[in-house]
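No hydrogens, no waters, no symmetry mates; every other heavy atom, side chains included, goes into these values.
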2 protein chains.
Amino acid sequence: MQLERIRLASLHQKVMSAAEATGFIQDGMTVGMSGFTRAGEAKAVPRALAEKARMQPLKISLMTGASLGNDLDKALTEAGVLARRMPFQVDNTLRKAINNGEVMFIDQHLSETVEQLRNHQLKLPDIAVIEAVAITEQGHIVPTTSVGNSASFAIFAKQVIVEINTSHQSELEGLHDIYIPSYRPTRTPVPLVSVDQRIGGTAIPIDPAKIVGIVFTEQPDSFSTVTDPDAETQAIADHLVQFFRAEVAAERLAPNLAPLQAGIGSIANAVMMGLLNSEFTDLSMYSEVLQDSTFALMDAGKLTFASGSSITLSERCHKQVFGQLCHYKDRLVLRPQEISNHPELVRRLGIIAINTALEFDLYGNVNSTHVGGRNMMNGIGGSGDFARNAHLSIFVTKSTAKAGAISSVVPMVSHVDHTEHDVDILVTEQGLADLRGLAPRERAVQVIQHCVHPDYRAQLQDYFDRALKRGGHTPHLLEEAFSWHLKLEQQGSMKA
Amino acid sequence: MQLERIRLASLHQKVMSAAEATGFIQDGMTVGMSGFTRAGEAKAVPRALAEKARMQPLKISLMTGASLGNDLDKALTEAGVLARRMPFQVDNTLRKAINNGEVMFIDQHLSETVEQLRNHQLKLPDIAVIEAVAITEQGHIVPTTSVGNSASFAIFAKQVIVEINTSHQSELEGLHDIYIPSYRPTRTPVPLVSVDQRIGGTAIPIDPAKIVGIVFTEQPDSFSTVTDPDAETQAIADHLVQFFRAEVAAERLAPNLAPLQAGIGSIANAVMMGLLNSEFTDLSMYSEVLQDSTFALMDAGKLTFASGSSITLSERCHKQVFGQLCHYKDRLVLRPQEISNHPELVRRLGIIAINTALEFDLYGNVNSTHVGGRNMMNGIGGSGDFARNAHLSIFVTKSTAKAGAISSVVPMVSHVDHTEHDVDILVTEQGLADLRGLAPRERAVQVIQHCVHPDYRAQLQDYFDRALKRGGHTPHLLEEAFSWHLKLEQQGSMKA
């Protein structure tokens with residue numbers, strides 16, 4: 001225990017065990033917990049809560065920033081704790097429970113959850129559980145490797161439990177920039193005009209009297225599970241670098257491009273890695289999660305500043321970054337996800353948004369969430385926050401999945417998360433389709449020519465040709481629009 | 001001719017006939033014209049252009065603010081002038097040409113066209129044709145009954161033709177507030193923090209040397225064609241008033257609600273009329289088109305200020321408003337559509353967005369544009385600009401169309417313009433479904449209970465029940481998802 005991390009001495013008496021702290025969490029409560037992309041989540045209290053619920057059934061509505069690490073969603077699901085869950089998750093056990101209708105999952109744009117709370121459109125958290133590196137002299141909370149929704153959860157909740165995690169070094173303090181938009185109708189502009197600007201304080205300002213328990217833990221964040229770039233992700237990255245080069249040549253982008261956002265996961269991380277071998281320098285990021293690629297680009301002298309809401313790294317990269325945090329700290333800032341993903345800022349800064357599609361269709365509609373139109377994968381996350389207002393809205397995916405049995409390019413997506421109105425560029429390892437300023441019929445030609453896998457090209461062309469005969473602004477054969485998905489379900493492959 | 005309307009005397013020599021002015025418009029050009037919701041469109045030059053093209057074939061790419069009046073899109077389509085058209089239209093002849101693939105139509109969020117032009121992601125207009133009430137001493141253009149995209153078109157175009165329309169009174173000058181966002185990467189916040197604030201000038205600032213022709217006309221705007229409220233639109237309005245009342249009681253809305261946006265057309269107009277008999281006062285609008293209902297609410301002392309991008313009125317209301325404009329002028333402002341619809345401002349001001357759906361589905365996805373998944377109706381217009389960032393995103397529609405043969409509430413929409421992530425409230429004459437904070441399965445129950453017409457209720461419940469058995473976060477039967485649409489095509493009715 002490092003009591004010196006609680007700098008307001010009157011709070012020392014609030015230190016207790018995780019099991020004791022769970023006493024504040026009652027059946028039926030709405031609970032807001034820290035955690036964003038498996039970084040900075042409260043660890044000890046939810047674990048203890050799951051244990052307690054095995055003895056004494058208890059259900060809560062759980063809100064977080066985004067996904068949790070340390071298999072916490074698994075433990076909470078298995079213990080039957082989750083009645084409702086929002087706004088994002090990546091856990092296999094929870095996913096099954098969601099798709100079985102056992103947990104009500106609300107899949108939200110990550111910038112909107114706390115806005116809906118602020119306006120009482122969602123039930124305010126009864127209690128917040130927030131991981132911290134320290135509590136300040138004022139009783140304010142210094143977050144760890146993510147900010148997520150922690151600040152607003154702590155501000156809105158009647159009671160707050162703080163988990164001081166000593167596996168995180170104290171030097172994280174100063175990394176965060178906590179800005180909370182003012183209430184309407186007297187709200188003023190979010191004053192941020194550049195990626196590296198600081199507009200708030202370094203800790204979450206709450207009345208320390210709300211802190212009902214402080215729990216010490218030393219359980220580290222989970223490491224990220226991103227896989228290394230492969231030939232296909234490298235090809236995607238190459239297409240994108242070539243596109244950026246052409247945009248710079250046409251003077252539609254500056255030589256240092258524009259602030260970059262990259263979705264979480266292996267493909268987006270690999271695409272960012274692809275910039276390592278490009279001519280682009282003086283890059284910046286205005287993103288939600290900072291992954292290995294962020295630091296690889298910094299180490300290579302390519303990236304000058306990165307703004308995010310969390311840091312999620314592989315084991316190797318974790319040691320390197322947090323082993324010499326002072327080396328990176330003046331080029332990093334972590335913000336509330338409401339600010340990292342804010343439509344006002346995404347539009348003002350002119351972000352290049354790179355997100356991963358599960359599938360996209362002939363006309364540029366993108367499915368980010370649903371397998372076969374029914375089953376939730378993870379959630380929309382921040383992809384919509386960025387895609388809707390970005391300077392460039394780019395979606396990337398491998399053209400096939402499951403050894404070719406699935407085409408990621410289909411006649412009609414089985415669920416729409418990003419409409420044709422919000423998608424500029426589609427990229428697979430096959431090539432890049434630039435949909436800007438094109439009518440649907442023209443987009444289809446680009447998608448067939450550049451994105452679909454050769455194994456599916458004739459099949460997609462055939463659908464389009466026959467749909468064209470029927471006519472329409474967006475030619476379709478409604479009776480066949482999902483025939484590829486149905487074929488997959490019935491025969492194990494989308495192939496004709 | 002009223003030469004005094006050209007206050008920069010050196011421009012008097014630029015006065016010419018519309019036919020002469022068409023000489024500046026060459027085959028293959030991109031042309032930006034004024035006009036938004038059939039208000040303030042250039043009239044004489046496009047008419048003359050259509051006539052000229054009948055003799056000497058000529059094709060252009062035409063951008064406007066939104067829809068044109070005076071059957072201009074019809075005339076231009078029939079004359080074969082339109083190769084490409086964006087970002088919105090409402091004309092029956094043009095609609096057919098779009099759906100036949102003869103005109104490439106780019107259906108865009110109305111706030112985004114000039115942003116894409118500013119960043120050279122769309123081809124800049126070679127020439128702009130802008131209706132004006134006057135040209136100032138500086139050679140700046142004073143718009144008429146709409147601003148739309150006129151300011152940016154005139155600024156971006158190499159040449160400008162001004163149509164001075166003397167059917168519009170000079171007193172329109174002073175009504176407009178022309179603010180243009182600065183270029184990235186040094187863009188600053190749009191400084192607007194209240195509906196009635198003025199942040200720009202009253203005329204479009206261009207170099208007068210760009211004005212190559214000035215044409216006089218006295219052709220008035222078309223009158224709006226909104227139909228009177230009927231029992232069903234009245235019921236929709238009643239449900240909404242009741243909902244607002246509950247929101248105020250729950251302190252989620254102030255007694256004067258929040259700035260209101262209402263889509264164009266009879267249903268949204270009727271809904272706004274429904275506020276006449278409500279207890280709400282001190283209302284304000286931050287919308288794109290100001291219709292009859294705006295002025296009815298002002299006359300009734302209900303509405304204190306209205307911000308829009310255009311004024312489109314019925315014949316009766318037109319006489320009343322423009323007959324005593326001084327009576328309304330200090331309570332009105334017309335802005336560029338980039339500002340009236342700006343995501344930054346919609347989010348900051350916390351707009352209540354009320355737009356019309358063509359159809360919506362069990363899970364809250366909304367189709368605003370496509371009939372039967374293929375055929376364009378009008379376009380998405382500003383509905384997405386507002387719905388995506390509003391405090392409340394509301395969609396209204398009658399539960400059936402074509403004497404009951406069509407249900408507007410379907411298992412799955414045949415085209416998605418607004419995703420489940422962006423839709424809060426659905427209203428038909430049957431009732432109101434509040435989807436906030438609900439998982440898809442919970443939303444379906446609300447939609448079936450409150451929105452679908454009784455004639456289709458059992459049929460929709462049956463689909464949902466059988467889909468539930470198959471499971472999933474968003475239960476669907478992909479092989480039947482469009483069966484209602486197919487039944488309509490094949491048998492003339494969606495009824496089972």
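Between chain A and the options B/Gln121, B/His485, B/Arg95, heavy-atom pairs under 4.5 Å are most frequent for B/Gln121. Contact count against chain B (heavy-atom pairs under 4.5 Å) is highest for A/Arg374 among A/Arg441, A/Glu344, A/Arg374, A/His391. Ranked by non-hydrogen atom pairs under 4.5 Å with chain A, the options B/Arg84, B/Lys96, B/Arg443, B/Met412 are led by B/Arg84. Here B/Arg388 is the residue among B/Arg388, B/Arg436, B/Met376, B/Glu479 with the most heavy-atom pairs under 4.5 Å with chain A. Note on B/His342, B/Arg348, B/Arg252: by heavy-atom pairs under 4.5 Å with chain A, the leading option is B/Arg348. Heavy-atom pairs under 4.5 Å with chain B peak, among A/Arg347, A/Glu442, A/Met104, at A/Arg347. Chosen from A/Ser194, A/Gly101, A/Pro87, the residue pairing most often with chain B at heavy-atom distances under 4.5 Å is A/Gly101. For chain B, the option among A/Glu112, A/Arg85, A/Glu489 with the highest count of heavy-atom pairs below 4.5 Å is A/Glu112. Between chain B and the residues A/Glu251, A/His415, A/Glu247, A/His418, the largest count of heavy-atom pairs under 4.5 Å involves A/His415. Annotation: maximal heavy-atom pairing with chain A below 4.5 Å, among B/Leu486, B/Ile98, B/Val193, B/Leu122, occurs at B/Leu486. Of all the listed residues (A/Ala250, A/Gly350, A/Ala254), the one sharing the greatest number of non-hydrogen pairs under 4.5 Å with chain B is A/Gly350.
The only member of A/Asp417, A/Asn375, A/Asn378, A/Asp107 that meets side-chain hydrogen bond (donor to acceptor under 3.5 Å, both in side chains) when paired with A/Thr369 is A/Asp417. The only option from B/Leu358, B/Leu488, B/Asn99 that meets the side chain to side chain contact (heavy atoms under 4.5 Å, CB included) definition with B/Val371 turns out to be B/Leu358.
Contacts of A/Val190 with chain B are made by backbone atoms alone, with heavy-atom separations under 4.5 Å and no side-chain atom involved. In this structure, the portion of A/Arg184 lying under 4.5 Å from any heavy atom of chain B is its side chain and not its backbone. Residue B/Ala258: no heavy atom, backbone or side chain, is found under 4.5 Å from chain A. For B/Leu438, the parts sitting under 4.5 Å from any heavy atom of chain A are the backbone and the side chain alike. Of the atoms belonging to A/Asp434, not a single heavy atom falls under 4.5 Å from chain B. Contact of A/Leu349 with chain B is made through the backbone alone, with heavy-atom distances under 4.5 Å. Both the backbone and the side chain of B/Leu478 come within less than 4.5 Å of a heavy atom in chain A. For B/His120, the parts lying under 4.5 angstrom from a heavy atom of chain A are both the backbone and the side chain. Heavy atoms of A/Arg470 lying under 4.5 Å from chain B belong to its backbone as well as its side chain.
A/Glu359 and A/Asn367 form a side-chain donor-acceptor contact under 3.5 Å, judged by distance and modelled atom types alone. Side chain to side chain, A/His109 and B/Asp422 meet the donor-acceptor criterion of an N or O pair below 3.5 Å. A/His370 and B/Thr474 share a side-chain donor-acceptor pair at under 3.5 Å. Judged purely by distance below 3.5 Å, without hydrogens or angles, the side chains of A/Gln116 and A/Gln108 pair a donor atom with an acceptor atom. Inspection of the B/Ser111 and B/Glu338 side chains reveals no N or O donor paired with an N or O acceptor under 3.5 Å.
For A/Tyr286 and A/Phe305, the distance between ring centers is not under 6.0 angstrom. Taking the centre of each ring, A/Tyr363 and A/His476 come in below the 6.0 Å mark.
Ion pairing between a basic and an acidic side chain is recognised when a charged N comes within 4.0 Å of a carboxylate O; A/Arg187 and A/Glu115 show such pairing.
The local environment of NZ in A/Lys123 is crowded, with over 12 non-hydrogen atoms from other residues, nucleotides or ligands closer than 6.0 Å.
Looking at every heavy atom in both residues, A/Phe482 comes nearest to A/Val413 through CE2-O, 3.4 Å.
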